[in-house]
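A short write-up of the structure that comes next.
In what follows, every chain begins at residue 1, and chains take the letters A, B, ... in the order their sequences are listed. This one's a predicted model, so the numbers in the text were calculated from it and none came from an experiment.
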There are 2 protein chains.
Amino acid sequence: MEPSNTHVPTPDGSMADLRDHLRRGDHARISEGCKPSAEIMALVGEKWTVIVVVMLSGGPRRFKELQRMIPGVSQRMLTLTLRGLERDGLVARTVFPTVPPRVDYALTELGESLRAPVLALGTWARENRAQIEAARDRYDRAAERAAPRAAGPDEVR
Amino acid sequence: MEPSNTHVPTPDGSMADLRDHLRRGDHARISEGCKPSAEIMALVGEKWTVIVVVMLSGGPRRFKELQRMIPGVSQRMLTLTLRGLERDGLVARTVFPTVPPRVDYALTELGESLRAPVLALGTWARENRAQIEAARDRYDRAAERAAPRAAGPDEVR
DNA sequence: CGGGATCCTTAAAGATACTG
DNA sequence: CAGTATCTTTAAGGATCCCG
């Protein structure tokens, strides 16, 4: 990564490339002054970041601990997620040169500060879940009626 | 400090499937009662949802209008995003049976209520962008030093 | 104008195996 | 225990064409 100069994703399809760049890691300074939101949304929405942040809310955790707390995550994904968070300065990684090795992950100040907005979103989710599900249900039923797809309405693959 | 994790995401390893299902559309009854957060994170983080919500903050917009406001989006992605939002009851779609056709998209009450937390996140992003970038820079420089990967630091694919 | 249906490319997420 | 290094799968996202 060269800190030398800014390179906007592209004059035209900026958002597409934005996300693209976000995934890859060269967030450089894509936001020409007004789209840092997109960065954080990518940060928050993508992957397991949120869950990890939440899981670290209670204090430092070890790798295996986290993995156990987040059933579906593969060690690879957990590693990648933690790396990303560490890179962004949201999580601090502490290695104890013991044997067997021990590594603690903890939220940094920055990470802690992210908790609030994230939890706010979580709260919103909890509070409005019913409405959302109702809406979905309504929408799906309507769609079904419109779609003469002989398939069962409750198809469970 | 043993806060004992608040509540495990899912009984089994269903996070993977959760996201999977979220993408596909059959959110139906995946959330058996404790992880609506994940749903909303997926909702917020994935795709162009956030930007669209923000763009609709100013009032109803037409399809083409939105497309113009969000340079990088393809009409397909915009459609999918709007559909998703509509499905979740966050956006209302109004069709005027005129010719040429005209369709307005507007935030519903629910959609409006999502604005706050989303914008909170955006604010956080803006306020902490500098720190994040600094952290990234630091991390990348360290990684570079550690990586004997002779390749150029700014290798473009 | 506002999409729906298709095809194609890329890369994110998962599984596995190997190392310090 | 805590990773890293592949290999594979899956599907998100983009480009096009077409229809109402």
Side-chain angles (χ1 to χ4, degrees), chain A residues 9-10 12-26 42-43 45-49 51-52 60-68 70-84 86 91 93-105 143 146-147 149 157, chain B residues 13-26 38 42-43 45-49 51-52 60-68 70-86 91 93-105 143 146-149 157:
Chain A
T10 20
D12 56 299
S14 41
M15 273 311 294
D17 301 68
L18 203 174
R19 291 197 66 104
D20 226 50
H21 285 222
L22 288 176
R23 309 314 262 299
R24 300 240 211 74
D26 49 335
L43 193 165
E46 306 271 349
K47 315 222 271 174
W48 308 78
T49 8
I51 305 127
V52 169
R61 296 287 183 183
R62 302 176 55 171
F63 190 90
K64 263 282 156 72
E65 239 180 319
L66 283 171
Q67 194 169 9
R68 262 189 294 271
I70 312 171
V73 77
S74 61
Q75 104 288 49
R76 180 173 171 270
M77 278 302 103
L78 184 53
T79 300
L80 288 181
T81 303
L82 287 169
R83 288 251 166 234
E86 189 194 352
V91 161
R93 182 166 170 272
T94 314
V95 182
F96 299 87
T98 64
V99 47
R102 171 197 175 131
V103 180
D104 271 18
Y105 291 93
R149 276 194 168 185
R157 2 148 121 265
Chain B
S14 44
M15 269 312 294
D17 304 69
L18 205 173
R19 293 196 66 104
D20 226 51
H21 287 215
L22 289 176
R23 309 314 264 296
R24 302 244 205 73
D26 50 333
L43 193 165
E46 307 271 350
K47 315 222 271 179
W48 309 76
T49 8
I51 305 127
V52 169
R61 297 288 182 181
R62 302 177 56 173
F63 190 89
K64 266 283 155 75
E65 241 181 316
L66 283 171
Q67 195 169 9
R68 262 189 295 271
I70 312 171
V73 77
S74 61
Q75 108 288 43
R76 181 172 171 271
M77 278 303 103
L78 185 53
T79 300
L80 288 181
T81 303
L82 287 169
R83 289 259 167 233
L85 290 171
E86 189 194 353
V91 161
R93 182 165 171 271
T94 315
V95 182
F96 299 88
T98 63
V99 46
R102 172 197 174 132
V103 181
D104 270 19
Y105 292 93
R149 204 179 172 246
R157 282 195 249 222

- Query: A:Lys64 NZ to D:dG3 P: how many Å, rounded?
  - Reply: 11 Å
- Message: C:dG14, OP1 or OP2 - any side-chain N/O from A:Trp48 closer than 4.0 Å?
- Response: yes
- Rounded interatomic separation in angstrom, taking CG from B:Leu78 and C1' from C:dG4: 14 Å
- Item | Residue met sooner reading DNA chain C from 5', once B:Arg68 and B:Thr79 are mapped to nucleotides | B:Arg68
- Is the shortest distance from a Lys or Arg side-chain nitrogen in B:Glu65 or B:Arg68 to a carboxylate oxygen in the other one below 4.0 Å? no
- Given C:dG20, C:dG3, C:dA13, which nucleotide is nearest the side-chain atoms of A:Met77? C:dA13
- Message: Any side-chain N or O of A:Tyr105 below 4.0 angstrom from OP1/OP2 of D:dC1?
- Response: no
- Item | Rounded distance in Å - CZ (A:Arg61) to P (D:dC1) | 16 Å
- Note on the structure: Residues B:Val73 and B:Met77: closest non-hydrogen pair is CG2-CB, 3.7 Å
- Integer-rounded Å distance: D:dA11 P and B:Leu80 CG: 15 Å
- Query: In whole angstrom, what separates B:Asp104's CG from C:dG2's P?
  - Reply: 9 Å
- Query: Mapping A:Arg83 and B:Ser74 to their closest nucleotides on DNA chain D, which lands nearer the 5' end?
  - Reply: A:Arg83
- Message: Contact between A:Leu66 and A:Leu82 at the side-chain level, heavy atoms closer than 4.5 Å - yes or no?
- Response: yes
- Message: What is the separation between atom CG on B:Leu82 and atom C1' on C:dC1, rounded to the nearest whole Å?
- Response: 14 Å
- side-chain contact (heavy atoms from CB on, under 4.5 Å) assessment of A:Phe63 paired with A:Thr79: CA-CA 8 Å; A:Phe63 190 90; A:Thr79 300; 3.4 Å; yes
- Message: Is any side-chain heavy atom of A:Trp48 closer than 4.5 Å to one of A:Leu78?
- Response: no
- Task: May I have the distance from B:Leu66 (atom CG) to C:dC1 (atom P), rounded to whole angstrom?
- Result: 14 Å
- Message: Among C:dG2, D:dA2, D:dG14, which nucleotide has an atom closest to any side-chain atom of B:Arg93?
- Response: C:dG2
- Task: Check if the side chain of B:Gln75 and the base of C:dG4 share a donor-acceptor pair of N or O atoms closer than 3.5 Å.
- Result: yes
- Item | Pair of N/O donor and acceptor under 3.5 Å linking C:dA13 base with A:Arg76 side chain | yes
- Could you check how far CD of A:Glu86 sits from C1' of D:dG3, rounded to whole Å? 12 Å
